[in-house]
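What follows is a single structure, written as structure tokens, with notes after it.
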Number of protein chains: 2
Amino acid sequence: MKITFKGDYALKAILDLAIHHGRAERIESIAKRQDIPFKFLEQILLSLKKGGFVRSKRGRDGGYYLARAPKQITMGQVIRYVEGPIEPISCILKKGGTHCDFAAQCVLRDVFLDIGQYIADKVDRVTFADLKEKQLKKLAKENKYLNYSI
Amino acid sequence: MKITFKGDYALKAILDLAIHHGRAERIESIAKRQDIPFKFLEQILLSLKKGGFVRSKRGRDGGYYLARAPKQITMGQVIRYVEGPIEPISCILKKGGTHCDFAAQCVLRDVFLDIGQYIADKVDRVTFADLKEKQLKKLAKENKYLNYSI
DNA sequence: TTAATACCCTACTAACTTGATAGAGATTAT
DNA sequence: ATAATCTCTATCAAGTTAGTAGGGTATTAA
Ligand code: FES
Ligand code: FES
């Protein structure tokens, strides 16, 4: 019951691009800011590009940028793309992809479906515009106390 | 974001023992009813015994039985025991076990904590008495239509 | 007492997933 | 040209998952 580093990194990368929305950001900049291994992030961004979340520009002054506005991207879309289905499958899916023979009588399944529904609802409602706003507020509050600039 | 077969089997085994509460059930009977590989279930039950969920009786007419009433066992207890923490850790836990350096500013963490809280609440509220009751009702309803007996 | 029954325990393994790293190639601004 | 950047494929060590194998030990019916 966990999200992988890959998924976590993907979310962080997109949040980073949301915060710097409007210009192309180099992989290395994102990697440093978000503390992600450079070469790993390279692969993740390539995958996110295939998924239609980001676009890129090559050569000097190149980098990555969001394919659409932060408001149009949800956590759910990203998680499903890099991690697969969100539902905490018990044996909801059996081998093939269709659900198991006992599904109709399975009371465990009901609980997991309920949980899956909650998670889906949650992550589908959170956009990267929301995350960006919250992130900036948190940082602003910190700056007030610590006198740092980022 | 998934539960393993081991966890699924553990839940099914305990539900089976809850349904047959009062007598000792052989591993093989449980394995057949719940469609679990015998030798795998053997290990799982041994582990559940160490965890204090079940007790056993050896020799002829031996088998496993619940260590306490179905009402006193929750899904959460079992899942945590066989699967570890329920929370969909983002990078909430870093290497050691303490949370990461950026936790205070991390907006992703907030979302995952919320989800983790919901899951924990849910599975901690569902007891095996609840599951047993629902299971028996489902089976009864099926029997009415199909004229089967189990 | 003894044979049958059933749990106890440890070791092993094949396949898969995770979290990367390596390096050559393609593209673009200056 | 050339330096900066993304592109793409391959590889890999470590860990996890889903089992299997096989002998050992306790209990009890007969
Ligand atoms: S969904 Fe298959 S047994 Fe529960
Ligand atoms: S909790 Fe560590 S960066 Fe989010």
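Heavy atoms only: backbone and side chains are in, while hydrogens, waters and symmetry mates are out. Lettering follows sequence order; numbering is per chain, from 1.
Evaluated for a salt bridge (Lys or Arg N to Asp or Glu O under 4.0 Å) with A:Asp110, the options B:Lys134, B:Lys138, B:Lys122, B:Lys137 yield exactly one hit, B:Lys138.
Donor-acceptor pairing under 3.5 Å is recorded for the side chains of A:Glu83 and A:Thr4. Side chain to side chain, A:Ser56 and A:Lys49 meet the donor-acceptor criterion of an N or O pair below 3.5 Å.
For B:Ile27, whose side chain is taken as the heavy atoms from C-beta onward, the closest listed nucleotide among C:dA20, C:dA29, C:dC7 is C:dC7. Among D:dT20, C:dC8, C:dT28, the nucleotide with an atom closest to any side-chain atom of B:Lys49 is C:dC8. Of the listed nucleotides (D:dT28, D:dC8, C:dG19), D:dT28 has the atom at the smallest distance from the side chain of B:Lys57. Between D:dA26, C:dG19, D:dT5, one nucleotide has an atom nearer to the side chain of A:Thr4 than all others, and that is C:dG19.
A salt bridge is absent between A:Asp61 and A:Arg23: the closest approach of a Lys/Arg side-chain nitrogen to an acidic carboxylate oxygen does not fall below 4.0 angstrom.
C:dT21 atom P lies 12 Å from atom CG of A:Leu41, rounded to whole Å. In this structure, B:Glu25 places its CD atom 12 Å from P of C:dA6, rounding to the nearest Å. Atoms CZ (A:Arg58) and C1' (D:dC6) sit 6 Å apart, rounded to a whole Å. Look at CZ on B:Arg60: it is 14 Å from C1' on C:dT2, rounded to the nearest Å. If you measure from atom NZ of A:Lys50 to atom C1' of D:dT9, you get 10 Å, rounded to the nearest angstrom. Put simply, CG on A:Leu17 is 14 Å from C1' on D:dC6, counting in whole angstrom units. Atom pair B:Phe38:CZ and C:dA6:C1' shows a separation of 8 Å (rounding to whole Å applied). Nucleotide C:dG19 holds its P atom 15 Å from the CG atom of A:Asp35, rounded to whole Å.
Projected onto DNA chain C by closest heavy-atom contact, A:Gly7 and A:Asp61 fall at different nucleotides, the more 5' of which corresponds to A:Gly7.
Between the base of C:dT21 and the side chain of A:Gln43 there is a donor-acceptor pair shorter than 3.5 Å. You won't find any donor-acceptor pair under 3.5 Å spanning the side chain of A:Lys39 and the base of C:dG19, going by distance alone. A donor-acceptor contact under 3.5 Å links the side chain of B:Glu42 to the base of C:dC8.
Distances shorter than 4.0 Å separate some side-chain N or O of B:Ser56 from OP1 or OP2 on C:dC8. The side chain of A:Tyr64 contributes an N or O atom lying less than 4.0 Å from OP1 or OP2 of D:dT7.
Nucleic acid contact class of A:Arg26 (heavy atoms, under 4.0 Å, all strands): sugar-phosphate only. Contacts of B:Tyr9 with the nucleic acid, taken as non-hydrogen atoms under 4.0 Å apart, involve only primed sugar atoms and P, OP1 or OP2.
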- Task: Could you go through the side-chain contact (heavy atoms from CB on, under 4.5 Å) check for A:Lys32 and A:Phe38 one step at a time?
- Result: CA-CA 8 Å; A:Lys32 278 195 177 136; A:Phe38 173 78; over 6 Å; no
